[in-house]
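Below is one structure, written out as structure tokens; comments come after it.
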Amino acid sequence: FGQPFAIAFNSGTSTLHAALAAFGVGPGDEVIIPNLSPIMCGVTPVFCGATPVYADVGWDDFLLDPVDVRAKITDKTKAIMPVHLYGQVCDMDAIMALAREFDLKVIEDCAECFLGTDAKGRVGGTIGDAGSWSFEASKHLVAGEGGMITCQDENLAMEIRKFGGL
Ligand SMILES: *Cc1c(COP(=O)(O)O)cnc(C)c1O
């Protein structure tokens, strides 16, 4: 994926957990996730003591709707977890603009989107602060079980490694 850091995990759930923990998500914080997502997305903020806040997905593409994300941002919001689905990449320009405006971290969940690109040709998982992949048996790239986080920031990579004990 052209990212300088790739950190292996046992699943695409522990990757989400580690990324949120490395972002500093903790008790009292909120994480915005799409309402069309598996339970693993919703429980990982809970693992950190935070609250998942569900935002709508679009009618046409089933991807996280940035307009509803904006409506769900509060002073407790710490991170956004766009979930790229069916090989499609969320509107990352709009999501990253919100992240900059409100000082939020972004973990892209790519468990169901390997090598999907956005309108600008960018690969999903390489646009936010970190990308999360799963190699579980039903995913696009399979290793029985497994997960990986990619990111560009060395300090973030170190925090993620510390959390994973690797
Ligand atoms: C499967 C999946 C996960 C979790 O991956 P596991 O490796 O099964 O823990 C997270 N997010 C999405 C969107 C998934 O499809």
Side-chain angles (χ1 to χ4, degrees), residues 3 5 7 9 11-86 88-113 116 118-120 122-134 147 149-164:
Q3 301 291 284
F5 301 100
I7 302 133
F9 277 82
S11 73
T13 304
S14 50
T15 49
L16 298 174
H17 185 191
L20 293 178
F23 291 163
V25 171
D29 294 335
E30 295 176 352
V31 179
I32 298 180
I33 68 176
N35 55 10
L36 179 63
S37 55
I39 186 71
M40 298 76 99
C41 299
V43 296
T44 48
V46 175
F47 289 164
C48 298
T51 303
V53 173
Y54 289 86
D56 283 340
V57 295
W59 287 102
D60 297 333
D61 57 11
F62 306 113
L63 300 174
L64 184 61
D65 175 6
V67 175
D68 201 48
V69 172
R70 178 181 283 278
K72 298 286 161 58
I73 292 172
T74 72
D75 56 6
K76 296 177 178 166
T77 309
K78 193 102 183 213
I80 309 173
M81 187 189 291
V83 179
H84 306 319
L85 280 183
Y86 317 125
Q88 309 176 109
V89 175
C90 298
D91 183 350
M92 291 303 294
D93 269 347
I95 291 166
M96 295 312 292
L98 287 171
R100 276 191 296 274
E101 183 177 342
F102 295 97
D103 193 21
L104 308 174
K105 296 289 186 187
V106 175
I107 169 72
E108 296 175 75
D109 185 346
C110 311
E112 300 190 29
C113 184
D118 73 356
K120 290 183 173 164
R122 297 176 298 183
V123 176
T126 66
I127 307 162
D129 294 285
S132 165
W133 279 268
S134 166
I149 304 181
T150 54
C151 67
Q152 300 187 23
D153 182 84
E154 186 166 12
N155 288 326
L156 180 64
M158 196 163 63
E159 289 305 314
I160 291 167
R161 280 211 178 87
K162 277 199 267 180
F163 183 86

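Residues W133 and T150 are in side-chain contact: their nearest non-hydrogen atoms beyond the backbone lie under 4.5 Å apart. At least one side-chain heavy atom of V106 sits less than 4.5 Å from a side-chain heavy atom of M92. In this structure the side chain of V25 never reaches within 4.5 angstrom of the side chain of P45, judged on heavy atoms. The side-chain heavy atoms of T77 and L104, taken from C-beta on, include a pair separated by under 4.5 Å. For the pair D129 and C151, the minimum side-chain heavy-atom distance is 4.5 Å or more.
Separation of atoms CG (L64) and OH (Y54) is listed at 12.5 Å; rounding is to 0.5 Å. The line from CZ of R161 to CD of E154 is 9.0 Å long, rounded to the nearest 0.5 Å. One distance of note links OG1 of T15 with CG of L20; it measures 9.5 Å at 0.5 Å rounding.
The backbone N or O of T74 sits nowhere less than 3.5 Å from a side-chain atom of E30 that would complete a donor-acceptor pair. Side-chain atoms of E108 never come within 3.5 Å of backbone atoms of G124 as a donor-acceptor pair (strictly under, hydrogens ignored). Between the side chain of D68 and the backbone N or O of D56 there is at least one donor-acceptor pair closer than 3.5 Å. One N or O on the side chain of H84 and one on the backbone of C90 form a donor-acceptor pair closer than 3.5 Å.
Annotation for F102 and I73: closest pair CD1-CD1, 3.6 Å, computed over non-hydrogen atoms. Here the shortest heavy-atom pairing between I95 and P82 reads CD1-CB, 3.9 Å. Residue K78 comes nearest to D29 through the heavy atom pair CD-OD2, 3.6 Å, listed as atom of the first residue, atom of the second, then distance. Considering every non-hydrogen atom in both I80 and V69, the closest pair reads CD1-CG1, 4.0 Å. Between G12 and S134 the shortest heavy-atom distance is CA-CB, 3.8 Å. Closest non-hydrogen pair, G164 versus F9, comes out as CA-CE2, 3.7 Å.
The side chain to side chain donor-acceptor pair (under 3.5 Å) search around T13 returns none, not counting sequence neighbours. Legend: residues meeting side chain to side chain donor-acceptor pair (under 3.5 Å) with D93, ordered by chain and number and at least two apart, are K120, R122. For C41, the side chain to side chain contact (heavy atoms under 4.5 Å, CB included) criterion is met by L16, I33, S37, P38, M81, V83, D109, not counting sequence neighbours.
A 6.0 Å sphere centred on CD of E101 holds more than 12 heavy atoms belonging to other residues, nucleotides or ligands.
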| query | For L156 and F5, what are the C-alpha separation, side-chain angles and deciding distance, and is it a side chain to side chain contact (heavy atoms under 4.5 Å, CB included)? | reply | CA-CA 9 Å; L156 180 64; F5 301 100; over 6 Å; no
